[in-house]
Structure formats: C-alpha cells, structure tokens
Amino acid sequence: MGLENERYESAEEIQTFHSTLASTFQTGRTKDIAWRKWQLKQLWWLVEDNEQAILDAIKADLNRSEVESYLTDLAGIRKDILYHLDNIDAWTADTKIGDSFIARRLGLARIRNEPLGVVLIIGAWNFPVLLVLQPLIAAITAGCCAIIKPSEVTVACQNLLRDLVTQYLDPTAIRLVCAGVPETTKLLALPFNHIFFTGSANVGRHISAAAAIHLTPVTLELGGQSPAIVCQSGDVEHAAKCIAYSKFLNAGQICLAVNHVFVDPAVHDAFVDRLQYWNKQFLHGEQTITTAIVNRQHWDRLFSLLRQTKGTILCGGGGSDESHRMEPTVVVELDMNDALLAEEIFGPICPVVKVDVCQACQAINEREHPLALYIFSSDSSEIQNILDNTNSGGVTLNDVILHAGFPGAPFGGVGGSGHGYYHGSYGFKAFSHLRTIVNSPKWFDRLLAFRYPPFDGAKKSKIPQTKAKFKRGETIQDQRREGSGMVGSKLAVATALCGIASYYYSYSK
C-alpha cells in the first residue's frame with residue numbers, strides 16, 4: 001500500500017538531494033578510493049548491525065521466513081560487499097592498451113575508469129533490500145553519487161532502509177528517496193548520469209522514455225517468461241524438484257522463477273507426477289506456501305489468470321484470501337494461447353505444456369527473449385541445438401537460477417527482458433565510463449609527419465601499408481578449416497584515424 005503521501009519526499013526535497021549530490025561529485029570526493037572502501041564497509045555494518053531488523057521488515061512485508069531471506073537478500077549483499085572490496089584496487093587501476101607488446105610497454109595509451117556521476121537506482125519489491133543495495137554496492141565501487149528509491153509496495157523495508165541509509169552512509173553522496181508514482185515521475189525528470197532500474201517491462205518503458213529526454217543511459221533488469229525445457233533425456237526427478245523449488249522461492253515472485261515448462265510427451269506424465277510430489281514435500285504439511293503474495297492487487301491478478309485458463313488445474317488453485325498465502329498450483333492440458341501464458345506469472349502457478357524440443361524452441365522464439373532459460377537434458381548435442389536456436393539473458397543447465405549467482409558472471413537480460421549487466425566487475429563497469437587516454441611524446445610527431453597537409457603523392461609512400469593475410473576467393477568451408485581466418489587486429493589498428501595506429505602497426509611487424 002505504500003507510505004502515506006505526506007511521508008514521501010516532496011519535489012523540493014528531491015531537487016535538494018539531487019543538487020547536493022551533484023555538488024559533491026564535482027568536488028571529486030567520491031573518486032577517492034579510500035572513500036569508496038569506507039562506504040562499502042559502512043554498508044557492511046549497516047547489514048551486520050541490523051540483520052534482525054532487516055529480517056523482521058521482510059517478514060512484515062512478504063511473510064518470508066528468516067532462513068529464506070538470509071539466503072537471498074542478506075547473503076547476497078554480504079558476498080558482494082566483500083567481493084568488491086577484494087577487487088576494487090584492480091578494477092579501478094588504469095589498463096595499458098596497445099596492439100603490440102612494445103606499444104603496451106611504452107605506455108602511450110591507457111583506459112581510465114571514471115565514475116559516471118550522479119546515478120539513480122530504483123529497486124523492486126520482490127527482494128526489497130537486495131535489489132536496492134546490490135546495485136548501490138556497484139555504484140559506490142565505481143565512485144558515483146547515488147539516489148536510491150526502494151519500492152513503495154514493501155512499506156516496512158522502505159521505512160527501515162530510509163533510517164539506516166541516513167544513519168550509516170555519507171548523506172552528501174548517497175540519499176534515499178521514498179516516493180510513489182507522482183514523486184517518482186518528478187525524480188525521473190531530473191538529469192542523471194545513469195539510471196538503474198529493476199522491475200517490470202511496462203515500467204521499464206516509462207523509465208527509458210524519461211531517461212531519453214536527458215540522453216541518460218539506463219540499465220534495465222526486467223523479467224520475462226523464463227521457461228524450462230524438460231527433454232526426453234533429462235532427469236525428470238531432478239527437473240521436477242528444481243522447478244518446484246523455483247515456484248516456492250519467494251512464492252514464485254522472482255524474475256528468475258520458471259514461468260512455464262515445456263515437457264517432451266514421452267516424459268510428460270512422469271514429470272507432472274513428480275512435480276506434484278515435490279510441491280507436497282516442500283509444503284511440509286502446510287496447505288499454502290509460507291511467503292505471501294505481496295498485496296491484494298497481485299493476489300487478484302493471479303486468481304484472475306486461474307479463472308481465465310482453459311487448462312486443467314491438476315492441484316492447488318486456492319489459498320488464504322486473508323493472509324495472501326497461496327497453494328502451489330500445477331496446470332496442464334493448455335496451449336501457448338492460454339491466458340496463463342499471456343504475461344509473466346510472478347507467482348506459484350506452474351503451467352506445463354506438452355511439446356517436443358523443436359516446438360518448445362519455436363514457442364520461445366515467438367515471444368520476447370526471456371531473462372532465463374532452463375534446460376534439463378543429458379544429451380549434449382540436444383543442449384547445443386537448443387542454445388543455437390533460442391536466445392535469453394542467461395541459461396542454467398539441469399538446474400535453476402544458478403547462473404545468476406555464479407562468481408564473476410554477468411547478469412542481465414536481452415530484448416524484452418532488459419539490457420545492461422551487473423554483478424561483480426560488470427556492476428562496476430555499468431556505473432563507469434571507460435575513458436581512453438593517449439600520451440603523445442615529442443618524438444612521436446616526427447613519425448606522424450605524413451598526416452599533415454599538403455597531401456601530395458610523395459607522402460603516400462611513407463604511410464604504412466595495410467595488407468590482408470587472406471586470399472581472394474575463399475569460401476565458407478575455408479573459414480571452417482583449422483588455421484584459416486582473417487587478419488587480426490593489425491588491419492583494424494592500421495585503418496584507425498590519426499597516425500597512432502600506423503605507429504603501432506610499424507612496431508608490431
């Protein structure tokens with residue numbers, strides 16, 4: 001339901017926050033690596049000192065168990081802080097570049113990682129602490145000032161974060177804004193150097209439109225109908241267990257949950273049987289999943305989908321209207337035109353579609369690219385075929401969600417599931433500008449004398465020649481033979497503007 005309107009920041013307060021952060025960034029304060037480390041450690045203590053309060057707030061908003069919240073929100077934040085502290089010196093160091101060993105040794109060019117500036121981070125309600133603080137970790141490591149806006153849907157977490165951010169973090173560089181739709185609209189009207197948004201595709205379109213006015217780059221971490229494909233060669237028991245787990249995790253209110261399952265006809269009945277078994281096991285004697293559907297609006301939306309489906313509800317389909325706790329639900333005998341597959345479900349409903357692998361790939365390609373794809377198969381050629389004929393933000397083979405937490409791996413969507421990446425160094429890069437710096441010593445100008453007018457014929461012979469190492473008439477089969485290929489970086493370097501590329505070419509011969 002959100003806070004009362006008078007608890008939201010006013011347009012004047014939002015403007016003041018933004019102006020303060022812009023002034024702070026201009027001083028260069030946040031570029032200091034010591035400041036960045038200090039703020040990361042302050043964020044660690046924010047979590048460490050207030051662990052129980054955070055768990056209680058998530059419980060109040062989502063009725064999620066402490067163990068589940070610890071494994072998702074808190075463990076992820078702690079891991080990220082330590083990972084960034086361990087790598088910040090390496091990530092922020094200049095990188096020497098050049099097309100040859102000699103060019104790099106001379107150190108004529110380097111890449112400097114610059115913070116983008118004042119950034120806006122808009123979090124989501126399904127993981128109301130993790131999805132605010134995790135991108136903030138990356139922004140701090142990059143040296144940015146940040147305004148963070150948690151979801152107004154999860155009120156307890158919003159209130160707690162408001163108090164803790166003010167108490168622990170540098171208020172001249174990091175501010176939290178509580179805002180509903182009108183206030184967020186005013187916030188988006190301000191000029192930011194980057195906007196990081198986690199949420200639905202519909203809201204993401206509004207974010208992008210607002211950002212475009214100021215030519216602000218955006219990272220959109222959206223959702224999508226992430227499917228699972230259970231092949232005839234797959235381990236049906238393990239597939240059913242993993243897919244059921246994804247629907248229990250936060251009651252299926254996670255962008256990486258299995259939205260629906262394509263199951264080969266040969267194993268369909270066995271899979272459905274084991275899916276029901278694991279739902280019962282995970283309930284552990286309860287009628288409903290412990291974590292609640294976040295609010296009445298989403299509760300009504302899920303049951304509206306169940307009323308509209310032409311499929312058969314095999315199990316579940318009910319819940320507590322008072323507590324918003326829902327039964328895990330399995331729906332079979334439906335096609336891709338069913339209402340359940342018209343949008344991302346974002347709840348503990350699992351449609352099962354009986355199709356072969358080719359039909360599954362076709363169905364996936366007819367929709368927006370999903371954020372995740374889960375393939376259960378023991379046939380490597382079959383897996384390769386699916387990968388070659390689909391696209392998605394990420395893929396986990398013979399399990400679910402693991403690709404999103406693998407150390408050092410980028411996380412992000414493609415097409416309708418978003419764009420841009422974060423996690424680890426990719427989060428640091430999302431909030432950084434790669435600034436190329438070239439140093440031209442005095443003697444360098446003599447080597448580049450041919451670049452100056454007049455451009456007469458005598459100078460042409462002094463320009464280093466760019467030649468290919470491949471032959472005319474090569475076929476596609478030639479490219480598949482070992483050792484064949486095109487000229488590498490020398491061709492690209494030699495064609496670059498200004499004589500620097502020519503210099504690198506001459507030294508690499």
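Here His194 and Phe431 bring their ring centres to under 6.0 angstrom of each other. In this structure, the ring of His260 has its center less than 6.0 angstrom from the ring center of Phe262. Aromatic pair Phe411/Phe406: ring centres not closer than 6.0 Å. In this structure, Phe346 has its ring center under 6.0 Å from that of Trp125.
Between Lys149 and Glu152 there is a salt bridge, since at least one side-chain N of the basic residue sits less than 4.0 Å from a carboxylate O of the acidic one. With respect to the salt-bridge test (charged N to carboxylate O, under 4.0 angstrom), the residues Glu48 and Arg78 qualify. A salt bridge between Arg367 and Glu344 is absent, with no side-chain N of the basic residue lying under 4.0 Å from a carboxylate O of the acidic one. In summary, Lys310 and Asp335 do not engage in a salt bridge, as defined by a charged side-chain N under 4.0 Å from a carboxylate O.
Remark: Tyr421 OH is loosely packed, at most 12 non-hydrogen atoms of other residues, nucleotides or ligands lying under 6.0 Å away.
The shortest distance between side-chain heavy atoms of His268 and Val352 falls below 4.5 Å. Taking the side chain as every heavy atom from C-beta outward, Leu188 and Leu120 approach each other to under 4.5 Å. Side-chain contact between Asp273 and Leu275 is absent, with no heavy atoms from C-beta onward closer than 4.5 Å. Looking only at side-chain heavy atoms (C-beta outward), Phe127 and Asn250 come within less than 4.5 Å of each other. Considering only heavy atoms from C-beta on, Ile88 stays 4.5 Å or farther from Phe428 through its side chain. Looking only at side-chain heavy atoms (C-beta outward), Asn193 and Thr216 stay at 4.5 Å or farther from each other. Between Val203 and Leu222, every side-chain heavy-atom pair lies at or beyond the 4.5 Å cut-off.
If you check the side chains of Tyr168 and Asp49, you find a donor sitting under 3.5 Å from an acceptor. No side-chain donor from either of Ser226 and Asn259 sits under 3.5 Å from a side-chain acceptor of the other. With hydrogens and angles left out, the side-chain atoms of Ser200 and Asn202 include no donor and acceptor closer than 3.5 Å. Counting only N and O atoms by type, the side chains of Thr72 and Glu68 include no donor and acceptor under 3.5 Å apart. Looking at Trp278 and Glu237, their side chains do bring a donor and an acceptor atom within 3.5 Å of each other. Between Trp299 and Asp321, the side chains place a donor N or O and an acceptor N or O closer than 3.5 Å (distance only, hydrogens not considered). For the 3.5 Å distance criterion, the side chains of Glu382 and Ser377 qualify, holding a donor opposite an acceptor. A donor-acceptor contact closer than 3.5 angstrom is absent between the side chains of Gln167 and Asp163. Between the side chains of Asn385 and Asn389, a donor-acceptor pair is found at a separation under 3.5 Å. With hydrogens and angles left out, the side-chain atoms of Asn126 and Gln253 include no donor and acceptor closer than 3.5 Å. No side-chain donor from either of Ser417 and His369 sits under 3.5 Å from a side-chain acceptor of the other.
Seen from the ring of Tyr277, Lys280 does not count as a face-on cation partner, given the 6.0 Å and 45° thresholds.
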Before you tell me yes or no, could you show the steps for Glu343 and Arg301 under salt bridge (Lys or Arg N to Asp or Glu O under 4.0 Å), namely the whole-Å CA-CA distance, both residues' side-chain angles and the distance that decides it to 0.1 Å? CA-CA 11 Å; Glu343 61 184 64; Arg301 179 185 61 82; 3.3 Å; yes
Are Thr290 and Glu286 close enough, and set up right, to give a side chain to side chain donor-acceptor pair (under 3.5 Å), and what steps lead you there? CA-CA 8 Å; Thr290 300; Glu286 298 287 332; over 6 Å; no
Residues Gln225, Glu368; criterion side chain to side chain donor-acceptor pair (under 3.5 Å); working and verdict: CA-CA 8 Å; Gln225 296 177 302; Glu368 290 281 5; over 6 Å; no
Any chance you could lay out the side chain to side chain contact (heavy atoms under 4.5 Å, CB included) test for Val263 and Lys354, step after step, and finish with the verdict? CA-CA 5 Å; Val263 186; Lys354 186 194 296 186; 5.9 Å; no
Does the pair Glu9 and Arg175 meet the rule for a salt bridge (Lys or Arg N to Asp or Glu O under 4.0 Å), with working shown? CA-CA 11 Å; Glu9 267 70 32; Arg175 296 304 298 250; over 6 Å; no
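We find the CZ-CG distance between Arg307 and Asp300 to be 7.5 Å, quoted to the nearest 0.5 Å. Within the model, atoms NE2 of His84 and NZ of Lys79 stand 10.0 Å from one another, a figure rounded to the nearest 0.5 Å.
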